[in-house]
Asks: 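Here it is, the structure in full.
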Amino acid sequence: MPSNSPFPGPVRNDRTPYAVEIMDNMSPHAPVIQQWIMKGAQIGLTYAAENVVAYWIDANPAEVLVVSASQDLIETWATKRLEPMIDSIGMRDKIGTQTGPSRSRRLGDKVFVKEYPGGTLNMASAQSASSLRSDSKRILILDEIDGAPRNLRTGEGNWIKVAVVRTNAWGSRKKIMGFSTPTTYQESQIWQYYQAGDQRKYMVPCPLCGKMQQLERNPDGNHGLRADTEAGKIKTVYYLCEHCHDAIQHNQKSRMLRAGRWEPTAITTHNAYRSYHINSLYSPVGMLSWNELYEKYLDAQEDPDGMRSFVNLYDGMPYR
């Protein structure tokens, strides 16, 4: 992880153990062909996609296409995340054109194109029709898919479908990973892809009673995020267990996450298709705390359009 990230240095999966299965699904040994992750903010899943890209560049070179919602987003990822990653895995001297004389090597090391022995990484905006029509790709990563208009301006239809076509030649050996915070029930594409899969939830054990549960904000139910106040100010924020109704403290979350597991909640006819949902309550300790999340929830209720943003960004759910 680069120096400007919350946890610079070597990646530690024990901070975000829920990312391990998602990364493993992109292994050539996994039966999963495509997976779609509907998520809240500050979950740390971007690094999971980066690890996947690094694997298919360095350990098992292949043709890779990474698409983000806008030109600005893909440029930021290419310059601030990809470049440090290439250096961190010792691949810098291998990046460059694989044909022609050595003096032309820089032709294969452009901002949005990286050539390496065994493949090429292409990066594109969701609205760049010409980039989405790149060569056949075995690995396809789609970032923040709800941040882009559904259809291409060129009239070629849905941009996700155009990108997925690039993987068709690889049959069951292709790997597709799409993730995003959602928008509305009517418009969200990640919500539609999530519904088409097995709708996995990350279940964690209560450190007090040991029973498994999904972490949910659930402000009106008998469990979820709660706060004690004093003189009108938040004193402490905790999570009320769904089963024993005891208070779980934020500093107990890391242990809960490490003991968690993904469980499917729906039946799908697509055996090689998985879908996931995870909200910002799961944000690792050191990133977004439950106290900060509760404060954002209170602030959202004071803004006429605040809950729409909160539901999308922190509940990781489409807004109705």
Asks: May I ask you to decide if L65's main-chain N or O and N122's side chain share a donor-acceptor pair within less than 3.5 Å?
Replies: no
Asks: Roughly how far apart are I22 CD1 and M177 CE, rounded to 0.5 Å?
Replies: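 One gets 6.0 Å once the value is rounded to the nearest 0.5 Å.
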Asks: Hey, any chance M317 and L215 share a hydrophobic cluster, counting ILVMFWY side chains that come within less than 4.5 Å of each other, even indirectly?
Replies: yes
Asks: Determine whether Y185 and Y319 satisfy the following criterion, ring-ring contact (aromatic ring centres under 6.0 Å, His included), listing intermediate values before the conclusion.
Replies: CA-CA 6 Å; Y185 277 95; Y319 183 76; 8.6 Å; no
Asks: Going through the distances and angles, do D146 and S188 end up as a side chain to side chain donor-acceptor pair (under 3.5 Å)?
Replies: CA-CA 6 Å; D146 273 7; S188 176; 2.5 Å; yes
Asks: Could you walk me through whether K201 and E216 satisfy the salt bridge (Lys or Arg N to Asp or Glu O under 4.0 Å) test, starting with their C-alpha distance in whole Å, then the side-chain angles of each, then the deciding distance to 0.1 Å, before giving a yes or no?
Replies: CA-CA 11 Å; K201 313 280 191 182; E216 301 176 285; over 6 Å; no
Asks: Honestly, is R226 close enough over Y239, meaning NZ or CZ under 6.0 Å from the six-membered ring centre and within 45° of the axis?
Replies: no
Asks: Measuring only between side-chain heavy atoms, which start at C-beta, is L257 closer than 4.5 Å to V204?
Replies: yes
Asks: How long is the span from the OH atom in Y276 to the CH2 atom in W262, to the nearest 0.5 Å?
Replies: 7.0 Å
Asks: Is the shortest distance from a Lys or Arg side-chain nitrogen in D228 or K235 to a carboxylate oxygen in the other one below 4.0 Å?
Replies: no
Asks: If you look at every heavy atom in P318 and V311, which pair is closest and at what distance?
Replies: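 So the minimum-distance heavy-atom pair works out to O-CG1, 3.8 Å.
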Asks: Determine whether a donor-acceptor pair (N or O, by modelled atom type, separation under 3.5 Å) exists between the side chain of H223 and the backbone of H243.
Replies: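 Here the side-chain-to-backbone pair does not exist.
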Asks: Does the side chain of H270 reach to within under 4.5 Å of the side chain of Q34, using non-hydrogen atoms?
Replies: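 No, their side chains stay 4.5 Å or more apart.
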Asks: Using a strict cut-off of less than 4.0 Å between a Lys/Arg side-chain nitrogen and an Asp/Glu carboxylate oxygen, indicate whether R261 and E21 qualify as a salt bridge.
Replies: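 Between E21 and R261 there is no salt bridge, as every charged N stays at least 4.0 Å from the carboxylate O atoms.
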Asks: Measure the spacing between CG of L140 and CD1 of I160 and express it to the nearest 0.5 Å.
Replies: 9.5 Å
Asks: My understanding is that only one of E302, K296, Q301 makes a side-chain contact (heavy atoms from CB on, under 4.5 Å) with L298; could you say which?
Replies: Q301
Asks: List the steps, then state whether side chain to side chain donor-acceptor pair (under 3.5 Å) holds for W191 with Q189.
Replies: CA-CA 5 Å; W191 170 245; Q189 295 197 81; over 6 Å; no
Asks: Any donor-acceptor pair under 3.5 Å linking the side chain of S280 with the backbone of A41?
Replies: yes
Asks: For E187 and T184, test the side chains for any donor-to-acceptor distance below 3.5 angstrom and give the result as yes or no.
Replies: no
Asks: With the threshold set at 4.0 Å, does a side-chain nitrogen-carboxylate oxygen contact exist between E83 and R92?
Replies: yes
Asks: Using distance alone, with no hydrogens and no angle criterion, decide if Y47 and N13 have a side-chain donor and acceptor under 3.5 Å apart.
Replies: yes
Asks: Charged N to carboxylate O below 4.0 Å: is that the case for R81 and E50?
Replies: yes
Asks: Rounded to the nearest 0.5 Å, what separates atom NZ in K39 from atom CG in L313?
Replies: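 Answer rounded to 0.5 Å: 9.0 Å.
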Asks: Establish, from distance only, whether the side-chain atoms of N279 and R217 form a donor-acceptor pair under 3.5 Å.
Replies: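 Side chains of N279 and R217: no pair found under 3.5 Å.
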Asks: Is there a donor-acceptor contact under 3.5 Å linking the side chains of E144 and S180?
Replies: yes
Asks: If only side-chain N and O atoms count, and only distance matters, is there a donor-acceptor pair under 3.5 Å linking Q35 with N25?
Replies: yes
Asks: Whether E63 and K174 form a salt bridge (side-chain N of Lys/Arg under 4.0 Å from carboxylate O of Asp/Glu) is what I want to check.
Replies: no
Asks: Indicate if L288 and I234 have the same hydrophobic cluster label, given that clusters are the connected sets of ILVMFWY residues with side-chain heavy-atom separations under 4.5 angstrom.
Replies: yes
